[in-house]
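So you know, we letter chains A, B, ... as the sequences are listed, proteins then strands, and number each from 1.
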Amino acid sequence: MPASAVSNRPEDVTERLGASVAARDGETLLKALREVKNQIIGNKTKKLLYIHLGAVPKIVAVISAAASGNGGYGEASVVVQAAAAIGSFACGVEDGVHAVLAAGAVPHLIQILSYSNGKVVNAGARTLRIIFQSKLAPKYDVLQVKNMKFLLSLLNSHNENLNELAARIIAHSCDKYEEQKVLCDAGVLKRLVELLDAASNQRDAYIDSVVAVVKNNSEVTEYFLSIGNGRAWSSLIEIMHDRNPQTRYLACVCLVAIGKASCWNSKELQTKTKLMLVLVELLEEPSQAGDEASFALSDLLADKEELHKQAISINVVEKLCKFLESSLPARRLEGILLVLAEICSKLETGRYLLLSLQVLNHIAEALKHECAEVRIAACLCIRNISRSIKNLSAGCMSNETVLVPLVRLLHDPSTYVQDAALGAVCNLAVDFTFKKPALMKYGGVSQLIQLSKSMDSTIRLKSLWALRNLTFVADRIGKEFIASELTVFALASLICDPEFLIQEQAMALICNLIHGCADFIKLVFAEECLIMNAVTRQLKSDSATQVCVQGMLLLCNVAAGDQSHKEAVLSCIIPSEANGTAVSFILRFMRNKDHFLRTASVWCILNLTIRDGANSPSRVRRLQNAGIVSQIKSMVNDPWLDCKFRVRTVLEQCSIVDSTST
Amino acid sequence: MPVRVEECSAPSQLSGNDAFSGHVLPPYTLLSVGRAFTGTQNVSSLQKDEAWRVNVRIQGCDLDQGYLCGTMEALNVPLADTPVVTFWEGEIIDAKNYTFYTGKWEATPDDDIKHWCKFPSFAPLLSQVETDGGKSLDLSNYPFIFMRWKEQYFVNVGIDCGLTIAGFYYVCFSCSDGSINGFYYDPNSSPFQKLELKSANEGHNGFTFSSYQLQ
């Protein structure tokens, strides 16, 4: 008689799972587990369906029963299948990891590692390894003595699967100084070096683990380098040429981390050059190693001018630019742009080279990329290329191709993108080619003014910074547009912003408006002296030194105006009689230890004592009566040369006025 | 400032200066970014006396790197329809980044000494410069700043404008009054063409300052 076929619909299989667990029917359970495992391997839809049907907690219950020694369900093969199925759920699908973690699988899996059956142990280790490769996995607290003991037992085991699991757990869980130190003291690094030496398939995990333990920790790194008289370092150098791209990539990452933590010395230039070459070569790989290599390269080059030079000399820029000519995955494009940005961050030669390779259009194109990280990287690249006054003066960057997408990014929904775009705009705003209206033409100035009112203080600062740069030696039309759009009210409020960096930028912007356009001084006195009063208030209060320097330069610019302007500045720096004994802030500034503040203050007095008409003797007398001239006399040998020369000019001007008025 | 082409000019050399960020107030305020200078360059030859009006503006300054740059505008150049603007880059002689010996631009140590000696303020330094190129001098508190300015390109005219920027200037800046004196050197041009500039206040009744900062 024909028997009815067993249904393999997920709903039925899940039901059988539950029923066989309840009935302690080991054979049916084994079949059901196998069926689940086979159905979900590489099939995300099925995984999600089984998760939805509640299969994961049922399978975890099988492990839990086995781990607790509660009789289990018979053969070890059931536990092996259950562990494998859990591993499959956690592999490559975040929802799967969530489900496995929510069902409490990790502690049970850890328990079955102490089974005597090797197959069970290996299955448990493989599944845990998969779980700990996910960012969602919980951190394993290595500071707890029992946890450390357990980790060491795994690491010192003769079972490679357990060794690899320990390495994965360390790589996933160790990111604090104390954790690195404890692991190092417990002999973890020594053991990892031994494991590295024995070529095995687990090598990638060991390298990853070393990176986690040494990263940014010079003490631990020094120890690592001393193991076996530098054997570890030599091993990694060898592994850097492994035939597996992922292993090569990881060895490079590890060497970069070690080099950074141990402060590379110049003798290691050869190694660093090799590293650069290997990483650039890895960019040819279509795999993940190829996507990530540029990030390691960018990390290696970060802030290292000497390495930037070396990168240029071994044609890294040319090689990277070749990639830009083809269509690249977002991650790879982002990484390459970051490396180019780094190489242009300090050296004019790097900027010149990049521009000469005519890739500016590709970089500008990346400003329009759908991926925000790519847009940010392109902004950084343009910002760094435009750190060159020579390029800015030649107008290399002020064209439609760059400015239009960049201005569009000022409206980007992501604050991070806006922030990066503002960095580039800040530099491009320093344009000496009389093309400043270009930014205005594409709507950039209006948007900068809008952003200067942002609630986000970084955006407010950077947009104001860009406007300040835009007004540097700008033409009258540009200045008038900015002044009228920004308004006196907004400027006064920015001078009083809670952030002192913003106060400074606002004052610098007004200085720039006045410089070269004397009639802009009236702006300071508009709306019942709103700006003048705001500046005076900041100078009288305990503002940051750099705000005071900028404030004094602003008063100095105002004091370069006509008689009435000089009079207004004089009234501002000399306390009124109503204030009685209040000491003028300028006297405090001239006694300050900051030589820039002293110099800026003396410049202001220098402009007030210029002999320019009938009022100058009276101004000098008032300065004398307020004790300012005698303060200046005491500065005749100021240690700051620039200040000393201005003091002497002031005293000359005062004596001329004195001699002509008596 | 460009001079007339007399013979084939040497190719312009590119310098590799680093990023700088335009400090709000540098150690020498009269040499800060945005400051302007006006004056003349004497371009007289044996045939006739001639001087061109010159305007200079400082655009970038990075004392750590011994770097300065800006534009130079020559106003009454006979062969040009408009004022001719060039972009120049400067090397500040600080005994750290640059010494008194040029070592390029066709200038021999002898040419260097001959030109530096034209500045009275150089006299106290001469013997030390002859000994070690001035490497052991501490110029940080010296009231004069010595520089070389090399024009890099024409800003508003083409290279076929009949002018050359092949040479360079030996320059001396006075920290006390902000005046600048210089001598143009180009083996193919009239020797010792004198540049004289004074700090300009651009319509103000006093000194004003402007600034930018790069990110």
Is the closest side-chain heavy-atom distance between [X] and [Y] below 4.5 Å?
X	Y	answer
Lys566(A)	Asn205(B)	yes
Gln59(B)	Ser393(A)	yes
Phe209(B)	Cys556(A)	yes

How about Arg468(A) and Gln213(B): does a side-chain donor come under 3.5 Å of a side-chain acceptor?
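A donor-acceptor contact under 3.5 Å links the two side chains.
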[X] [atom1] to [Y] [atom2] distance, which is reported to the nearest 0.5 Å:
X	Y	atom1	atom2	value
Ser211(B)	Leu509(A)	OG	CG	9.5 Å
Glu348(A)	Gln65(B)	CD	CD	11.0 Å
Tyr142(B)	Leu641(A)	OH	CG	11.5 Å
His204(B)	Asn557(A)	NE2	CG	7.0 Å
Gln215(B)	Asn469(A)	CD	CG	8.0 Å

Can you check whether [Y]'s main-chain N or O pairs, donor with acceptor, with [X]'s side chain at less than 3.5 Å?
X	Y	value
Asn607(A)	Phe207(B)	yes
Tyr153(B)	Ala394(A)	yes
Tyr212(B)	Asn512(A)	no

Greatest number of heavy atom pairs closer than 4.5 Å to chain A - which of Ser140(B), Ala36(B), Ala200(B), Pro27(B)
Pro27(B)
Under a 4.5 Å heavy-atom cutoff, which of Asn156(B), Thr71(B), Leu30(B), Asp177(B) has the most pairs with chain A?
Leu30(B)
Check each atom of [X] against the heavy atoms of chain B and say whether the ones under 4.5 Å are side chain, backbone, both or neither.
X	result
Leu606(A)	side chain
Ala424(A)	neither
Arg646(A)	side chain
Cys643(A)	neither
Gln505(A)	side chain

Smallest separation among heavy atoms of [X] and [Y], with atom names:
X	Y	value
Thr208(B)	Ala560(A)	CG2-CB, 3.5 Å
His515(A)	Gly34(B)	NE2-O, 3.2 Å
Phe645(A)	Cys175(B)	CE1-CB, 3.7 Å
Leu214(B)	Arg387(A)	CD1-O, 3.5 Å

Counting only heavy atoms not in Lys96(B), do more than 12 sit closer than 6.0 Å to its NZ atom?
yes
